[in-house]
Amino acid sequence: MSDAERRRELGQQLRVDSIRMAAAAKSGHPTSAMSAADLMAVLVDGYLRYDFDRPESPVNDRLVFSKGHASTLLYAIYRAAGAISDEELLSYRTLGSKLEGHPTPVLPWVDVATGSLGQGLPIGVGMALAGKRLDRVGNRVWVLCGDSEMAEGSMWEAFEHASHYELDNLTAVVDVNRLGQRGETMVGWDLDVYAARARAFGWHALEVDGHDVEQIDRAYAEAVATAGKPTVVLARTVKGKGVRAVEDVNGFHGKPLDDPTEAIAELGGERDLRIEVARPDSAEPHRFPTGKLELPRYDVGAEVATRKAYGDALAALGAARGDVVALDGEVSNSTFAETFANAHPERFFEMYIAEQQMVAAAVGLQVLGWRPFASTFAAFLSRAYDFVRMAAVSRASLVLSGSHAGVSIGEDGPSQMGLEDLAAFRAVHSSVVLHPCDANQTAKLVAALADVEGIAYLRTLRPATTVLYGPDEEFSIGGSRVVRSSEDDDVAIVGAGITVHEALEAADRLAEEGIAARVIDLYSIKPLDHDTLLAASEATGGRLVTVEDHWAEGGLGEAVLAAFASADERPRVVSLAVRELPGSGTPAELLAVAGIDAEHIAAAGRRLVAETARVA
């Protein structure tokens, strides 16, 4: 059997197995898999270099199904490669099966979760950056894309960045089958339009018949041989290829075939063709030097912005750990990620104003074992929220730093104020959410975040704040710090970030009136230090004031309330937060207008003590 004949047979097997899986599950997207079957048959039989016994190896090629709904095709490949059995294949979409409706890393050969369209190619850019700029092992990244997702802006962020970084180890294969979920796509079968766009972005573009295995073979060979730019293979395909009842027929997206037995017979019946996916050549990945961690040290009483401490600490962490990399969304002179960039330019990636690509690249980098820290203004991370959500599904480990949070940024106004970020990141599965209030605390937390598994978010401040803690103090994730207390506290004030400093001033004012206020720096908002909060409630007779530079919904105040949800005795909690749309002004003016400055905190504490005293 010639290579071409074997690949045609393999393509048919992949189609048959896709139909079988969807029939067994009574759901799935077999027609979307059938259009791309020949494209993947040629790839896995002739070009992919992958060791299924060592899926984590950095020398492996990476295969990403950006069109994750074609999961039956991916799983059919795994069966053909001998990675899964036929019995497991037919467990598709059943409870407890690792063959989920869209691929996730519960399978060791799946690097990232896909299914939210427009994400696979941007993540592939991160993987290709790791291979070309960091590991330097000569591996390739192959991404199967759908034509519907070419309408996503994130795809074109990926096209732009892949060209900018000259990622000639990246090949996108676009399955242009014309039909989306509800009808024809924006461009249909006009490959010339796709090619012109790709070439305008600096890509090498090839147009092929996606069912001609010889053409596909030549295109892949040309992609591998192309230097200095990424390649896109634009393949004209037929949705539901091989079964007349569904070929290029609208209305079969996301449905099993009506008569799978007849369809399988039309495709020539079941097959048990096995392929030997070529293993990569051995290579030793490049590694950067490591040294002793020497975090920056700031004098107590000094005025230092936590965003500056983030940059200083990240640069120090980079010197100590060669696996730490940094990305930024073209605001590194404000987030202070430029400190890392200047110290470790080979491990810094400028993502420009493309926050979706920035987060996606971080996800791709961490697949290969790198520890990414990505930063921009807190407000702008909301643009990439779906990528963060899917990163959690991918079991990714990365750190996101959002600066310029809250009304305390001042004159720039509400478009630049991150006021939703704490709520957003608290909602992410297994996330860590930190909001330090001073420079030494920030530095220690940055170092701790390098070892956190999952999605971590660090909120930093624009204005300089007074250093409260000495450089040798320790801060654990999940902890808090009681900054001020006595044995006879009347009320506890709980804040984080800028509001810790306002709370301390409020405590001074209350002390002048004979009211003792405990001040808690709740720098770890998730996970939360329940014990310290419970102790504060008990010590103060159940009087708590929470104060945050964030919307009232979903932030620190609601986190504190959640801590008492199952308590036998619940405290009286007054929540101070931003409740009206802010404008421009000085930080002090905006904190006052929002009702979260020292004066308003003191007033809230005073009222709470007075009200509960009357009740008693």
Side-chain angles (χ1 to χ4, degrees), residues 7-44 63 65-81 84 86-94 97-104 107 110 114-115 117 120 144-149 173-185 210-211 235-273:
R7 291 165 182 172
R8 290 189 195 98
E9 279 295 296
L10 178 58
Q12 294 293 77
Q13 175 174 305
L14 299 178
R15 291 186 176 92
V16 167
D17 282 351
S18 291
I19 293 169
R20 293 171 63 220
M21 275 183 273
K26 297 182 175 57
S27 66
H29 298 75
T31 58
S32 298
M34 293 160 74
S35 62
D38 299 313
L39 295 167
M40 292 298 98
V42 177
L43 179 65
V44 299
L63 174 58
F65 265 49
S66 194
K67 52 176 290 183
H69 56 282
S71 56
T72 56
L73 177 56
L74 183 64
Y75 303 150
I77 290 171
Y78 292 161
R79 186 182 88 87
I84 64 173
D86 194 66
E87 181 182 7
E88 185 171 7
L89 187 82
L90 296 180
S91 72
Y92 177 61
R93 287 188 170 217
T94 59
S97 173
K98 294 182 178 180
L99 307 188
E100 297 179 354
H102 293 74
T104 72
L107 285 165
V110 174
T114 53
L117 293 177
L144 176 64
C145 307
D147 52 350
S148 287
E149 68 180 332
V173 181
V174 184
D175 176 22
V176 185
N177 65 26
R178 187 184 75 84
L179 291 174
Q181 179 167 326
R182 60 92 196 99
E184 187 170 23
T185 60
H211 302 304
R236 187 187 192 277
T237 63
V238 176
K239 197 166 187 175
K241 174 67 176 176
V243 177
R244 287 185 297 274
V246 296
E247 274 192 340
D248 192 36
V249 178
N250 190 34
F252 285 94
H253 183 89
K255 298 177 182 178
L257 272 59
D258 293 335
D259 192 339
T261 302
E262 181 179 329
I264 290 169
E266 188 176 348
L267 289 165
E270 293 185 24
R271 297 160 174 81
D272 193 22
L273 183 64

Spatial distance of atom OG (Ser35) from atom NZ (Lys67) [nearest 0.5 Å]: 4.0 Å
Minimum-distance pair of heavy atoms, taken over all atoms of Ala76 and Asp17: CB-CB, 3.8 Å
Side-chain heavy atoms of Tyr78 within contact of Val110, under 4.5 Å: yes
Test side-chain contact (heavy atoms from CB on, under 4.5 Å) applied to Leu39 and Val174, Leu73, Val173, the passing residue: Val173
pair Phe65-Ile77: side-chain heavy atoms closer than 4.5 Å: yes
Main-chain N/O of Arg244 paired with Glu266 side-chain donor or acceptor, under 3.5 Å: yes
Between CG on residue Leu107 and CD on residue Glu100, distance to nearest 0.5 Å: 8.0 Å
Donor-acceptor contact below 3.5 Å, side chain Arg271 vs main chain Gly269: yes
His69 (side chain) donor-acceptor with Gly254 (main chain) under 3.5 angstrom: no
side-chain contact (heavy atoms from CB on, under 4.5 Å) assessment of Asp258 paired with Val246: CA-CA 9 Å; Asp258 293 335; Val246 296; over 6 Å; no
Leu90 backbone acceptor or donor facing Tyr75 side chain under 3.5 Å: no
Considering all heavy atoms, the nearest Ala25-Tyr92 contact: CB-O, 3.4 Å
Donor-acceptor contact below 3.5 Å, side chain Arg15 vs main chain Ala37: no
CD (Glu184) with more than 12 external heavy atoms under 6.0 Å: yes
Given Thr185, Thr237, Asp248, the one that forms side chain to side chain donor-acceptor pair (under 3.5 Å) with Arg178: Asp248
From CG (Asp38) to CG (Leu43), nearest 0.5 Å: 12.5 Å
Minimal non-hydrogen separation, Ala80 against Leu10, with atom names: CB-CD1, 4.0 Å
Any Arg20 side-chain heavy atom under 4.5 Å of Asp86 side chain: yes
Smallest separation among heavy atoms of Thr114 and Ser66, with atom names: CB-O, 4.2 Å
From CD1 (Ile19) to CG (Leu267), nearest 0.5 Å: 5.0 Å
From Asn177 atom CG to Asp147 atom CG, the distance as rounded to the nearest 0.5 Å: 5.0 Å
Donor-acceptor pair, side chain of Ser97 and main chain of Thr94, under 3.5 angstrom: no
Side-chain touch Lys241/Glu247, heavy atoms, less than 4.5 angstrom: yes
Heavy-atom pair of closest approach, residues Pro256 and Ala22: CB-O, 3.6 Å
From CE (Met34) to NE2 (His29), nearest 0.5 Å: 14.0 Å
Nearest heavy-atom neighbours spanning Glu88 and Ser91: O-OG, 2.6 Å
